[in-house]
Every structure is written in structure tokens, then in C-alpha cells.
Amino acid sequence: MDHPRAFLLLKPDCLRLGLSGPVERAITRAGLRIVCRHRVTLSPADVRCLWPEYHDAGHPLALAFLDRYLTGAPSEVLHLCGPDAFQAARRVKREVRSRHADGPFANVVHGAERRGEMARQADHLLGRCDACAEPFRSDEPPLVPARPPGRDFRDDADLTALVDELWPLVQGVPDYPGPVVLSGDDTGQAVYLGSDRENTLDSTVTALWHALPGIELRHAVLLALHAGWSGGTPIAVGGRRALDDCLRTLRAHGIRACRSGVT
């Protein structure tokens, strides 16, 4: 099914870094044209509408970071038109991200990955403009599947303050806080955590919370973000029994990208 309309959301970093020109040139190369543009400042409610696969009780960490990244500074919505605009916009998004993304919260451009999702998000972002208000149509469901949830860490910390503290440490390469030292004599082995797209920041941090007794939330968040960037971060060292227990707990919480190895 051909979709002649699409949209891209240029995030605050995209505008701050002056990347509008490269994005617009990529749009032209993809055979699309910009029919309307809207400067918007997203609210936390907008974030939850655009990404309903995350909810406050199950994903408070991810949403706290998204709020820090996406709200409080202007974004720009580009309404696009052209042959199979949905697929062309996806190609533009991937091209721009591959050239300019820098860190776990720096994808600079947002575009939908599914047609139903595009229709729902576009109607939300563009519906207040008379020239763009014609509803987007799709034969796909408008929502994406829910993502794995985690512990509601709002009971344990002021997440807004935590994200503000960590924000400078997760720009570009996320800071590595070092492994947790578990009980027992040093075996020269470590538990490694890798990148795992099947989990979320919240589900991963929750698994670390249980697998590494006494870990500070700040430490667990940095380990999770660094592992997502590196593909293999040592998260624990110590005795054999403690490392085995750590691995078992991670796997019991749905983490598959974990292993033991030499330090």
C-alpha cells in the first residue's frame, strides 16, 4: 500500500546542533518534499502519547530520560509528501542517525517504524494545523507492543534529580562506573552484560538491582547504558559462587545478553 505522506520529528539536539540542513538534503535525495513545518515544544504528556509502549509505573527511568531529552526545548515536525513517503522517511531517519547520533539519548531525528504508528503519531503532531489536519490512514494497528517493564523506581529515588545528575555522563560514550565487587576471592572472572534490544532500560536496571545486591541505582543505570553502547561491559567481579548467582538472577529476570568471562 503506497503512503504518499509521512513526517519526521527533528528533536531538540537536531536543532541545537544545526542539523536541519543535512536532514532536508537527505529528504530531497529520498524523493520527498516538505509541505509544512511546525515548531513544537513537547510536553511529558506528548512523550507518553508518542511512545505509549512505555508507561510511568513500568518504565519510569526511560520516561525520565526521554522527558529530559525531548521536553523543555523546541523540536520541529516536518510534514513530508512523495512516493511511498513512509519508507522514504524511514531511510532518511536511518541515514541521519547513522551520521549524527552520539550516545544513548541522541538519535536527533524521530520517525515511525510502522505505518499504524506513523498515522497515530502524525495525527497527534500535525492535527492542530488546518493545512495538515487531514487524518493519516493505515490498515495497521495504531499502537506498538508494550515493552518489558521494570521496578517502579520512583519509590527509591527522585528520578528527575537522578537524570539531571547523570545527563552529562551519558552524552556520547556513557560513563563506565566499574564493576560491582561481589563476595568471595577474586577469580579473575567477571559477569559481562551486553546490548539487549529485547529489554528496556527499566527491565535491565531492575535485573541488575536484584543480581547485584546493594547496588546504587545510579551505578545500575550507568552499567545498563554502558552495556547497551559497548555490547559487553563487565558488571561484576568476585568469587565463583557469587558470579554464578549473579548470572542466574539476570537470566531469571529475562536478560539473555549476559555471560561470564575473564577480566
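In this chain, numbering begins with 1 at the start of the sequence shown.
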Any side-chain heavy-atom pair of [X] and [Y] under 4.5 Å:
{"X": "Arg33", "Y": "Leu80", "answer": "no"}
{"X": "Pro174", "Y": "Pro104", "answer": "yes"}
{"X": "Val144", "Y": "Trp51", "answer": "no"}
{"X": "Asp156", "Y": "Arg151", "answer": "yes"}
{"X": "Val40", "Y": "Ser75", "answer": "yes"}
{"X": "Ile215", "Y": "His210", "answer": "no"}
{"X": "Ser260", "Y": "Leu247", "answer": "yes"}
{"X": "Thr200", "Y": "Pro149", "answer": "no"}

Is [X] reaching over with its side chain to a backbone N or O of [Y], donor-acceptor style, under 3.5 angstrom?
{"X": "Thr187", "Y": "Gln189", "answer": "yes"}
{"X": "Tyr69", "Y": "Ala64", "answer": "no"}
{"X": "Arg97", "Y": "Val109", "answer": "yes"}
{"X": "Glu117", "Y": "Glu113", "answer": "yes"}
{"X": "Glu140", "Y": "Arg115", "answer": "yes"}
{"X": "His59", "Y": "Pro148", "answer": "yes"}
{"X": "Asp186", "Y": "Gly238", "answer": "no"}
{"X": "Tyr192", "Y": "Val262", "answer": "yes"}

Would you say [X] has more than 12 foreign heavy atoms packed within less than 6.0 Å of its [atom1]?
{"X": "Gln171", "atom1": "CD", "value": "yes"}
{"X": "Glu198", "atom1": "CD", "value": "no"}
{"X": "Asp155", "atom1": "CG", "value": "yes"}
{"X": "Arg241", "atom1": "CZ", "value": "no"}

Calculate, to the nearest 0.5 Å, the distance between atoms [atom1] and [atom2] belonging to [X] and [Y] respectively.
{"X": "Glu165", "Y": "Leu159", "atom1": "CD", "atom2": "CG", "result": "12.0 Å"}
{"X": "Asp56", "Y": "Asp152", "atom1": "CG", "atom2": "CG", "result": "8.5 Å"}
{"X": "Leu32", "Y": "Arg5", "atom1": "CG", "atom2": "CZ", "result": "13.5 Å"}

Salt bridge check: are [X] and [Y] linked by an N-O gap of less than 4.0 Å?
{"X": "Asp244", "Y": "Arg240", "answer": "yes"}
{"X": "Asp13", "Y": "Lys11", "answer": "no"}
{"X": "Arg256", "Y": "Asp196", "answer": "no"}
{"X": "Arg147", "Y": "Asp202", "answer": "no"}
{"X": "Glu76", "Y": "Arg37", "answer": "yes"}
{"X": "Arg99", "Y": "Glu95", "answer": "yes"}

(message) Does the Lys NZ or Arg CZ of Arg120 fall within the cation-pi geometry relative to Phe136 - under 6.0 Å from the ring centre and within 45° of the axis?
(response) no
(request) Could you check Thr204 against Leu193 for side chain to side chain contact (heavy atoms under 4.5 Å, CB included), going step by step and ending with a plain yes or no? (result) CA-CA 10 Å; Thr204 301; Leu193 179 67; 4.0 Å; yes
(request) Please identify each residue that fulfils salt bridge (charged side-chain N to carboxylate O under 4.0 Å, His left out) with Asp67, with sequence neighbours left out. (result)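 Here the qualifying residues are Arg48.
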Regarding [X] and [Y], is there a side-chain donor-to-acceptor distance under 3.5 Å anywhere?
{"X": "His110", "Y": "Gln121", "value": "yes"}
{"X": "Ser203", "Y": "Thr206", "value": "no"}
{"X": "His226", "Y": "Asp175", "value": "no"}

(message) Could you go through His79 and Phe7, starting from their C-alpha distance and side-chain angles, then the distance that decides it, and tell me whether this counts as ring pair (Phe, Tyr, Trp, His ring centres under 6.0 Å)?
(response) CA-CA 5 Å; His79 185 180; Phe7 80 93; 9.0 Å; no
(request) Would you check, one step at a time, whether the test side chain to side chain contact (heavy atoms under 4.5 Å, CB included) holds for Val23 with Val108? (result) CA-CA 10 Å; Val23 173; Val108 300; over 6 Å; no
(request) Show which residues join Val181 in its hydrophobic cluster (side-chain heavy-atom contacts under 4.5 Å, direct or indirect), or state none. (result)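 For the cluster that includes Val181, the remaining residues are Val237.
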